[in-house]
Peer 1: 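Below is one structure. I have some questions about it.
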Amino acid sequence: MTNNDENQISLSLKFQRKKMSIELIIRDQIVEAIDKCYHQQIDSTLVQLQNTRKEFEGDITLVVFPFVRMSKKSPEMTAAEIGDFLQQNVSEVEKYNVVKGFLNLVISSDYWVSVLNSASSNSNYGITQPTETSKLVMVEYSSPNTNKPLHLGHIRNNLLGFSLSEILKANGNKVVKTNIVNDRGIHICKSMYAWKMWGNGQTPESTGIKGDHLVGNFYVRFDQEYKKEIATLIEQGETKENAEQNAPSMLGAREMLLKWEAKDPEIIELWSTMNGWVYAGFDVTYKELGVDFDKIYYESETYLYGKDEVLRGLAEGIFYQKEDSSVWADLTAEGLDQKILLRSDGTSVYMTQDIGTARERFQDYPINQMIYVVGNEQNYHFQVLSILLDKLGFEFGKGLHHFSYGMVELPQGKMKSREGTVVDADDLMAEMIEVSRKTSEELGKLEGYSPEQAAQTYRMIALGALKYFMLKVDPKKNMLFNPEESIDFNGNTGPFIQYTYARIRSVLRKAADRKIELNRTIKITSEIAPKELQLIKIISQFPVAVKEAGENYSPALAANYIYELVKEFNQFYHEFPMLIEENVEVRNLRLVIAESVGKTIKTGMKLLGIDVPERM
RNA sequence: GUCUCGGUAGCUCAGCUGGAUAGAGCAACGGCCUUCUAAGCCGUAGGUCCUGGGUUCGAAUCCCAGCCGGGAUACCA
C-alpha cells in the first residue's frame with residue numbers, strides 16, 4: 001500500500017466521521033469506553049440511546065443499567081465514568097449529568113449549528129437520490145373493480161400506495177407504481193346485465209352521471225333485483241340455495257360471463273363500452289386525489305397467463321386434479337389447506353390471475369422487490385400466492401411483500417358497496433373542498449388571490465386534511481371514520497401543518513421585502529435559546545425519520561415526525577420574534593431555522609403526497 | 001374449530017426492538033389578537049394502558065392463559 005493510498009483512506013474515514021450522526025459517534029465511543037474502563041467487548045446494540053426527556057438537562061441519554069453488571073459499581077458511578085470518558089474523547093460532548101441510572105449528555109451548540117448549516121444549504125435534505133444501481137421496487141396499489149366507484153376504503157389504499165412509493169423513492173429506491181384493474185369476472189357481468197335489462201340505453205352523457213357512478217348504480221340495481229327474485233322463488237317453494245343459484249338475473253350474468261370468455265362480439269362491445277365509462281370516471285377521481293401509475297395491468301389480459309402457469313404446474317406434478325377436473329394445490333406441508341386454482345369448468349379464480357400478473361411484471365421489469373398494497377382481509381391470499389409462485393419456480397415468490405393495511409370502518413361497521421353503505425370518494429372530496437372554501441372565506445386570508453388561485457388553495461387544504469387524516473394512523477390498524485363528525489381542520493391535522501408552512505413563507509416574504517439577506521453559514525457567538533436548539537435537533541432527525549418510514553413501510557411515522565416538528569415550531573413562533581429582532585445575528589439564526597423548518601415540512605409532506613400552500 | 005390482527009383519557013389516535021412522572025388532537029372549561037397569519041399559543045380537568053399470572057433491577061411494551069372485537073379459513077373477487 002502506498003502512502004498515497006493511506007492518505008486516501010484516512011481522508012475518507014475523516015469524512016465519514018464528519019458525516020456520521022452524533023448518535024453513531026457516541027455509540028461507538030461508548031463501546032470503547034466499556035472496553036477501556038471495564039475490559040469488556042460489547043455489541044453496539046447493547047448501547048441504548050434515547051432523546052433526553054424534557055425535564056432533564058441534556059440532548060442524548062444513555063441507559064447505563066446494562067453495564068452495571070460489568071462495572072460492578074453503582075449505576076451512578078458507572079454513568080459518571082462513562083460520562084468522563086465521553087467528555088474527554090468526543091469533542092461534541094460538552095458536559096454530562098447523571099440522574100439515577102441515566103447518563104444525560106449535553107451536546108455542544110457548535111455541533112447543532114453545524115447541523116443547521118448543512119440542513120439549510122442542502123436542497124435535498126433528508127432525501128437519498130436513487131442511482132443506476134439502486135433497487136427497483138414495484139408497488140401495486142389501488143386495484144379497483146370496474147363495477148363501482150371508489151370509496152373511502154380505496155382512498156386509504158391509494159393514499160398509502162402513493163405515499164409508500166414516495167417514501168421508498170426518498171430512500172434511494174427506483175419505484176414503479178402499478179395498478180391491476182380487475183376488469184373481468186362475474187361481478188362485472190352483474191352491472192352489465194342490469195344495464196342491459198333496466199338501463200334504457202342510459203349513458204354518462206345522457207344522464208350527466210359520472211361513468212363509474214352510473215355503472216355502480218347498476219351494480220346496486222342488480223343486487224336489488226336479484227334479492228327480489230330470490231324472495232319470489234322461495235315463496236314459490238324453492239330452497240334458498242336453489243333460489244340463489246337459479247334466479248333469472250344470476251343466470252343472465254353467468255351466461256354473459258361465458259359469452260365474454262367466448263369473445264362474443266356483442267358482449268365484448270358492451271363490456272368495453274361500460275368499462276370505458278368507468279375508466280373515464282376513475283381518471284377524474286385519481287386526478288383529484290393526486291395519485292398516478294407508471295404501468296397499468298388488466299386482469300382481462302393477465303388471467304390467461306395465470307391459467308397457463310397453473311396448467312404447467314399440473315403437468316409438472318406441482319398441483320393435482322380432482323375427478324371433477326378442478327385443479328388444486330396441496331399446501332398442508334406448509335401448514336395451510338388445499339387451495340383451488342381452476343374451477344371444475346376450467347375457469348380461473350382470483351389466485352390464477354395474480355399468478356399471471358406476477359409473471360408478466362417480472363418479465364416486463366427487472367424487479368428487485370414487489371410490494372402489494374392490499375387490505376389485511378387478504379393476508380391469507382398473499383401467504384398462499386407467495387408459496388405458489390415459489391413452487392412454480394419463480395425465485396421472486398418468497399420475497400414478495402404484502403403491505404397489509406387495516407379496514408376503514410364506519411360507526412355501524414364495514415362498508416358494503418352492494419348495500420350502499422359506503423362513503424363515496426368523489427362526494428367526500430367535494431364536501432371537504434366545500435368546508436375548506438367556507439372556512440377560508442370566513443377567515444378572509446386569500447384576499448388578492450384570483451378565483452383560480454383561491455380555488456386551488458381550497459383544494460390543497462381539503463386534500464391535505466383528508467390525506468393526513470388517513471395517513472397519520474398506523475397502516476396496519478383498522479381505523480374509524482365517522483361521517484357525522486367531518487374531518488377536522490384544527491389540531492393534529494394536515495391544515496395545521498399547511499398553515500404553519502404558510503406562516504413561515506409569509507415571514508420569509510416579509511424578510512425579503514425588508515431586504516434582509518439570509519446568511520446560511522451561521523457562526524454563533526452568543527448563546528442559543530433552548531427552544532431554538534430544540535428545533536434544530538428535530539430538524540436533524542428528519543433523515544432518520546425518512547429512513548424509519550421507509551424501513552417500516554409507514555407513512556404514519558413520517559406524519560408523526562412532521563407533526564412534532566410543526567408543533568414545536570408554532571411554540572417557537574409564538575415566543576420568538578424574527579423580523580423584529582434587533583440583534584442581527586439572532587435574527588438571522590431564527591430566520592434560517594424557520595426556513596429550514598419550512599423546507600422540511602414541504603419535503604416531509606411530499607412524502608405523504610400533500611402539497612403545501614404559500615398562503616392560507 | 002383453526003389461524004391472524006387489535007383492545008391505551010368521553011371520542012379518534014401516538015407510544016410497543018423493555019427504561020425516568022404514559023403523550024397528542026377533538027370535545028369541556030378558563031386565558032391570549034394595536035407587534036412576523038388566532039386554521040395559532042398558554043392553562044385546567046380527564047387513565048384499572050382489557051383481566052390474571054410470569055420473566056426482569058425495571059413491563060403499556062416481552063412470554064403464557066383468559067375475556068371482548070375485526071378479518072381469513074377448499075370452486076366470490
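Below, chains carry the letters A, B, ... as their sequence lines are ordered, and counting in each starts from 1.
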Peer 1: Begin from the C-alpha positions of A:Phe403 and A:Tyr372 and carry the test ring-ring contact (aromatic ring centres under 6.0 Å, His included) through to its verdict.
Peer 2: CA-CA 6 Å; A:Phe403 178 97; A:Tyr372 294 87; over 10 Å; no
Peer 1: Is there side-chain contact between A:Arg587 and A:Met578, with heavy atoms separated by less than 4.5 Å?
Peer 2: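 Side-chain contact under 4.5 Å: no.
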Peer 1: Ignoring backbone atoms, test whether A:Arg503 places a side-chain nitrogen or oxygen under 4.0 Å from the OP1 or OP2 oxygen of B:A38.
Peer 2: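 Indeed, a polar side-chain atom of A:Arg503 lies that close.
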Peer 1: Could a donor-acceptor pair under 3.5 angstrom be found where the side chain of A:Thr61 meets the base of B:A20?
Peer 2: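 Side chain to base: pair found, below 3.5 Å.
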Peer 1: For A:Leu443, which contact category applies under a 4.0 Å heavy-atom criterion: base, sugar-phosphate, or nothing?
Peer 2: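 Touches a base.
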Peer 1: Remember a base hit wins even if backbone is also touched, and classify A:Glu484 as base, sugar-phosphate or nothing at under 4.0 Å, heavy atoms.
Peer 2: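 Here A:Glu484 touches no strand at all.
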Peer 1: Could you give the distance separating B:G69 and B:G30 at their C1' atoms, to the nearest angstrom?
Peer 2: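 Straight-line distance between the two C1' atoms is 39 Å.
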Peer 1: Using the P atom in both, what is the distance from B:C57 to B:C13, to the nearest Å?
Peer 2: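 One P to the other, the span is 38 Å.
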Peer 1: A:Gln571 side chain N/O closer than 4.0 Å to the phosphate oxygens (OP1, OP2) of B:C42?
Peer 2: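 A:Gln571 to B:C42 OP1/OP2: side-chain N or O found under 4.0 Å.
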Peer 1: If you measure from the C1' atom in B:U12 to the same atom in B:C63, how many Å do you get, rounded?
Peer 2: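 So the two C1' atoms sit 31 Å from each other.
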Peer 1: Taking atom C1' in both B:C68 and B:A22, compute the distance separating them and give it to the nearest angstrom.
Peer 2: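 Per the computed distance, 23 Å lies between those C1' atoms.
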Peer 1: Round to the nearest Å and state the distance from A:Asp488 atom CG to B:C11 atom P.
Peer 2: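 Those two atoms, CG and P, are 17 Å apart.
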Peer 1: Measure CZ/A:Phe489 against P/B:U37 and give the value in whole Å, please.
Peer 2: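 Checked: the CZ to P distance equals 22 Å.
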Peer 1: Quickly work out the A:Phe496 CZ to B:C13 P distance and round it to whole Å.
Peer 2: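 Result: 20 Å.
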Peer 1: Would you mind telling me which residue lines up with the more 5' stretch of RNA chain B, A:Lys472 or A:Ile340, judged by nearest nucleotide?
Peer 2: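 Result: A:Lys472.
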Peer 1: Compare the minimum distances between each of B:A20, B:A74, B:C36 and the side chain of A:Tyr573, then state the nucleotide with the smallest one.
Peer 2: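 When the side chain of A:Tyr573 is considered, B:C36 is the closest of B:A20, B:A74, B:C36.
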Peer 1: Check every strand shown and say whether A:Glu377 touches a base, only sugar-phosphate, or nothing at a heavy-atom separation below 4.0 Å.
Peer 2: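 Sugar-phosphate contact only - A:Glu377 comes under 4.0 Å of backbone atoms but never of a base.
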Peer 1: Whom does B:G43 pair with, Watson-Crick or G-U wobble, provided both distances fall under 3.5 Å?
Peer 2: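 By the stated definition (distances under 3.5 Å), B:C29 pairs with B:G43.
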Peer 1: Is there a side-chain contact between A:Lys567 and the phosphate of B:G40, meaning an N or O under 4.0 Å from OP1 or OP2?
Peer 2: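 Looking at the OP1 and OP2 atoms of B:G40, neither is under 4.0 Å from any side-chain N or O of A:Lys567.
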Peer 1: With rounding to whole Å, what would you report as the distance between B:G6 and B:C64 at their P atoms?
Peer 2: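 Roughly 14 Å separates the two P atoms.
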Peer 1: Under a plain distance cut-off of 3.5 Å, with no hydrogens placed, do A:Asp183 and A:Ser300 share a side-chain donor-acceptor pair?
Peer 2: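 There is such a pair between these side chains.
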Peer 1: What does A:Thr500 touch in the nucleic acid at a heavy-atom separation under 4.0 angstrom: a base, only the sugar-phosphate, or nothing?
Peer 2: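 It contacts nothing in the nucleic acid.
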Peer 1: Under 4.5 Å between any side-chain heavy atoms of A:Glu409 and A:Met479, yes or no?
Peer 2: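 With C-beta onward as the side chain, the pair stays apart.
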Peer 1: Between B:C62 and B:A45, how far apart are the two P atoms, rounded to whole Å?
Peer 2: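 My reading of the P atoms in B:C62 and B:A45 gives 32 Å.
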Peer 1: Could you measure between the two P atoms, the one in B:A60 and the one in B:C67, and give it in whole Å?
Peer 2: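 Their P atoms lie roughly 24 Å apart.
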Peer 1: Give the nucleotide from the list B:C57, B:C41, B:A20 with an atom nearest to the side chain of A:Phe65.
Peer 2: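 Output: B:C57.
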Peer 1: Distance check: side-chain N/O of A:Arg69 vs OP1/OP2 of B:U56, anything under 4.0 Å?
Peer 2: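 So the side chain of A:Arg69 is outside the cut-off, no N or O lying under 4.0 Å from OP1 or OP2 of B:U56.
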Peer 1: Atom CG of A:Asn490 and atom C1' of B:G25: how far apart are they, to the nearest Å?
Peer 2: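 Answer to the nearest Å: 10 Å.
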Peer 1: Evaluate whether the aromatic ring of A:Tyr499 and the six-membered ring of the B:G40 base sit under 5.5 Å apart, centre to centre, with an inclination under 30°.
Peer 2: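 Per 5.5 Å and 30° rule: no stacking.
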Peer 1: Check the surroundings of atom NZ in A:Lys322: do more than 12 heavy atoms from other residues, nucleotides or ligands lie under 6.0 Å from it?
Peer 2: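 More than 12 within 6.0 Å, yes.
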Peer 1: From A:Leu446 CG over to A:Arg437 CZ, what is the distance, rounded to the nearest 0.5 angstrom?
Peer 2: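 CZ of A:Arg437 is found 12.0 Å from CG of A:Leu446.
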Peer 1: Give none if B:G52 has no partner; otherwise give the nucleotide forming a Watson-Crick or G-U wobble pair with it, both distances under 3.5 Å.
Peer 2: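 Because both required distances fall under 3.5 Å, B:G52 counts as paired with B:C64.
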Peer 1: If only side-chain N and O atoms of A:Lys477 are considered, is one of them under 4.0 Å from the OP1 or OP2 phosphate oxygen of B:G70?
Peer 2: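 So the side chain of A:Lys477 is outside the cut-off, no N or O lying under 4.0 Å from OP1 or OP2 of B:G70.
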Peer 1: Does B:C3 have a Watson-Crick or wobble partner in any strand here, with both distances under 3.5 angstrom, and which is it?
Peer 2: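 WC or wobble partner is B:G71.
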Peer 1: Whole angstrom is fine here: how far is it from CD in A:Glu548 over to P in B:U17?
Peer 2: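 These atoms are roughly 12 Å apart.
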Peer 1: Under a 3.5 Å cut-off for both contacts, is B:U12 paired Watson-Crick or G-U wobble with anything, and if yes, with which nucleotide?
Peer 2: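 In the structure as shown, B:U12 has B:A24 as its Watson-Crick or wobble partner.
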Peer 1: With syn defined as a glycosidic torsion within 90 degrees of 0 and anti otherwise, which applies to B:C33?
Peer 2: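 Because its glycosidic torsion lies within 90° of 0, B:C33 adopts the syn conformation.
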Peer 1: Once you measure the plane-to-plane angle for A:Tyr303 and A:Trp260, does it fall in the parallel (<30°), tilted (30-60°) or perpendicular (>60°) bin?
Peer 2: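 Taking A:Trp260 first and then A:Tyr303, their aromatic rings sit tilted (interplane angle of 30° to 60°).
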Peer 1: Looking for any heavy atom pair under 4.0 Å, which part of the strands does A:Asn104 touch: base, sugar-phosphate only, or nothing?
Peer 2: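 Base, at least one base atom sits under 4.0 Å.
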Peer 1: Considering only side-chain heavy atoms of A:Lys476, which listed nucleotide, B:G6, B:C36, B:C75, is closest?
Peer 2: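 Output: B:G6.
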Peer 1: Quick one: closest heavy-atom pair of A:Val384 and A:Met351, and the distance?
Peer 2: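 Between these two residues, the closest heavy atoms are CG1-CE, 3.6 Å.
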Peer 1: Rounded to whole Å, please give me the gap between CG in A:Leu336 and C1' in B:U73.
Peer 2: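 The answer, rounded to whole Å, is 10 Å.
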Peer 1: Which one is paired to B:A38, where only Watson-Crick or G-U wobble pairs with both distances under 3.5 angstrom count?
Peer 2: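 Across all strands, not a single nucleotide pairs with B:A38.
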Peer 1: Determine whether the side chains of A:Ser191 and A:Asn147 contain a donor N or O and an acceptor N or O closer than 3.5 Å.
Peer 2: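 No.
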Peer 1: Distance check needed: B:A27 P versus A:Leu480 CG, whole Å only.
Peer 2: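 Between P of B:A27 and CG of A:Leu480: 17 Å.
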Peer 1: Select one nucleotide: of B:A20, B:U73, B:A14, the one nearest the side-chain heavy atoms of A:Phe56.
Peer 2: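 Minimum distance to the A:Phe56 side chain belongs to B:A20.
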Peer 1: Can you tell me which nucleotide in B:C76, B:A14, B:C36 comes closest to the side chain of A:Met578?
Peer 2: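 My answer, after comparing the listed nucleotides, is B:C36.
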Peer 1: Just how far is it from atom CD1 of A:Ile562 to atom CZ of A:Phe542, taken to the nearest 0.5 Å?
Peer 2: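 It comes to 7.0 Å.
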Peer 1: Could you tell me the separation between the CZ atom of A:Phe481 and the P atom of B:G70, rounded to a whole number of Å?
Peer 2: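 Going from CZ in A:Phe481 over to P in B:G70 covers 21 Å.
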Peer 1: From the list B:C41, B:U37, B:U73, which nucleotide is the closest neighbour of the side chain of A:Asp337?
Peer 2: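 My answer, after comparing the listed nucleotides, is B:U73.
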Peer 1: When you get a sec, tell me which of B:A20, B:C76, B:C13 is the closest nucleotide to the side chain of A:Val473?
Peer 2: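 Of B:A20, B:C76, B:C13, B:C13 is nearest to the side chain of A:Val473.
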Peer 1: Need one value for A:Phe576: base, sugar-phosphate or nothing, where a base atom within 4.0 Å counts as base even if backbone is also close, heavy atoms only.
Peer 2: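 Base, at least one base atom sits under 4.0 Å.
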Peer 1: Report which part of the nucleic acid A:Glu485 touches: base, sugar-phosphate, or nothing (heavy-atom distance under 4.0 Å, all strands).
Peer 2: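 Counting heavy atoms under 4.0 Å across all strands, no contact is made by A:Glu485.
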Peer 1: Between the base of B:G19 and the ring of A:Phe102 - centre-to-centre under 5.5 Å, planes within under 30° - is that a stack?
Peer 2: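 Whether judged by distance or by angle, A:Phe102 falls short somewhere, so it does not stack on the base of B:G19.
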Peer 1: Nearest of B:G70, B:G19, B:C75 to any side-chain atom of A:Asp324?
Peer 2: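 When the side chain of A:Asp324 is considered, B:C75 is the closest of B:G70, B:G19, B:C75.
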Peer 1: Would you say B:U37 has OP1 or OP2 under 4.0 Å from some side-chain N or O of A:Ser506?
Peer 2: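 Yes, A:Ser506 has a side-chain N/O under 4.0 Å of OP1/OP2 on B:U37.
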Peer 1: Does A:Tyr380 reach a base, just sugar-phosphate, or nothing at all? Heavy atoms under 4.0 Å.
Peer 2: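 Contact class for A:Tyr380: sugar-phosphate only.
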Peer 1: Which one, B:G25, B:A20, B:A14, comes nearest to the side chain of A:Glu55?
Peer 2: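 Ranking B:G25, B:A20, B:A14 by closest atom to the A:Glu55 side chain puts B:A20 first.
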Peer 1: Taking atom P in both B:G40 and B:G47, compute the distance separating them and give it to the nearest angstrom.
Peer 2: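 Those two atoms are separated by 26 Å.
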